[in-house]
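Below is one structure, written out as structure tokens; comments come after it.
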Amino acid sequence: MTLGEFNELTSRDDLTLVDFYAVWCGPCRVMHPVLDKLAEATDESVDILKIDIDKHENVEVVRQHKIMAVPTLVLFRKGRILWRESGVVPLKTLLEVVKRYDKVEVF
């Protein structure tokens with residue numbers, strides 16, 4: 001994914017949760033079903049974008065966002081970072097984060 005494509009997807013009015021992951025990463029594999037449950041629990045009102053840090057086409061995006069650990073989850077709205085966390089994040093925490101930032105207006 002090019003940086004332009006990434007910026008277009010994360011610049012929308014809706015919340016976009018980006019999962020920076022690697023296929024060799026055990027904690028990343030733990031997060032994938034959690035993110036699937038998050039999508040179900042929020043009626044897919046949060047867009048979830050998965051970025052494989054090892055794919056050549058994603059190198060610009062990974063570098064731009066200074067991804068040093070996987071998994072790293074970043075919540076965007078209108079191109080602004082609202083929340084960021086590395087490591088395994090429980091579903092309950094993700095639901096609280098989405099609820100907290102769902103009502104926040106970003107200018």
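Worth saying up front: this structure is predicted, and the values here are computed from it rather than measured. No hydrogens, no waters, no symmetry mates; every other heavy atom, side chains included, goes into these values.
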Requested in this report: Sequence neighbours left out, what passes side-chain hydrogen bond (donor to acceptor under 3.5 Å, both in side chains) with Ser45? Give chain and number order.
Outcome: none

Query raised in the report: Does one hydrophobic cluster hold both Ile81 and Val89, with members joined at side-chain heavy-atom distances below 4.5 Å?
Result: no

Query - Nearest non-hydrogen partners of Asn58 and Met1, listed with the distance - result: OD1-N, 2.8 Å

Requested in this report: Output the distance between atom OG1 (Thr10) and atom CG (Asp47), rounded to the nearest 0.5 Å.
Outcome: 11.0 Å

Query raised in the report: Under 6.0 Å from the NZ atom of Lys50, do we count more than 12 heavy atoms belonging to anything else shown?
Result: yes

Requested in this report: Quick one: which residue pairs count as a ring pair (Phe, Tyr, Trp, His ring centres under 6.0 Å) with a foot in residues 36-61, not counting sequence neighbours?
Outcome: none

**Report entry** Shared hydrophobic cluster for Leu91 and Val46 (ILVMFWY, side-chain gaps under 4.5 Å)
**Finding:** yes

Requested in this report: List the atom of Glu8, the atom of Arg12, and the distance in Å for their closest heavy-atom pair.
Outcome: O-CG, 3.8 Å

Report task. Quick one: do Phe6 and His65 satisfy side chain to side chain contact (heavy atoms under 4.5 Å, CB included)? Show the steps, please. Result -> CA-CA 11 Å; Phe6 180 86; His65 291 284; 3.1 Å; yes

Report task. Check step by step if side chain to side chain contact (heavy atoms under 4.5 Å, CB included) holds for Thr72 and Arg84. Result -> CA-CA 7 Å; Thr72 294; Arg84 178 178 173 143; 3.8 Å; yes

Query - same_hphob_cluster(Leu38, Leu49) at 4.5 Å side-chain heavy-atom cutoff - result: no

Report task. Rounded to the nearest 0.5 Å, what's the gap from CG on Leu35 to CG on Leu73? Could you check? Result -> 6.0 Å

Query raised in the report: With sequence neighbours left out, what residues match Glu85 under side-chain hydrogen bond (donor to acceptor under 3.5 Å, both in side chains)?
Result: none

Requested in this report: With the side chain counted from C-beta on, respond yes when Met31 and Pro71 share a heavy-atom pair under 4.5 Å apart, and no when they do not.
Outcome: yes

Requested in this report: Output all residues satisfying side chain to side chain contact (heavy atoms under 4.5 Å, CB included) with Glu57, sequence neighbours left out; order by chain, then residue number.
Outcome: Lys55

**Report entry** CZ-CG distance between Arg77 and Leu75, expressed to the nearest 0.5 angstrom
**Finding:** 8.0 Å

Query raised in the report: Under 4.5 Å between side-chain heavy atoms, hopping through other hydrophobics if needed: is there a path connecting Val88 to Val34?
Result: yes

Query raised in the report: Does atom CZ of Arg63 have more than 12 heavy-atom neighbours, drawn from other residues, nucleotides or ligands, at distances under 6.0 Å?
Result: no

Extract all donor-acceptor atom pairs below 3.5 Å that involve side chains of residues 13-24 and protein atoms in other chains or at least two apart in sequence.
residue : atom : partner : partner atom : Å
Thr16   : OG1  : Leu9    : O            : 3.4
Asp19   : OD2  : His32   : NE2          : 3.3
Trp24   : NE1  : Asp54   : OD2          : 2.5

Please table the atom pairs, donor to acceptor, closer than 3.5 Å between any side-chain atom in residues 92-102 and protein atoms at least two apart or in another chain.
residue : atom : partner : partner atom : Å
Tyr101  : OH   : Leu82   : O            : 3.2

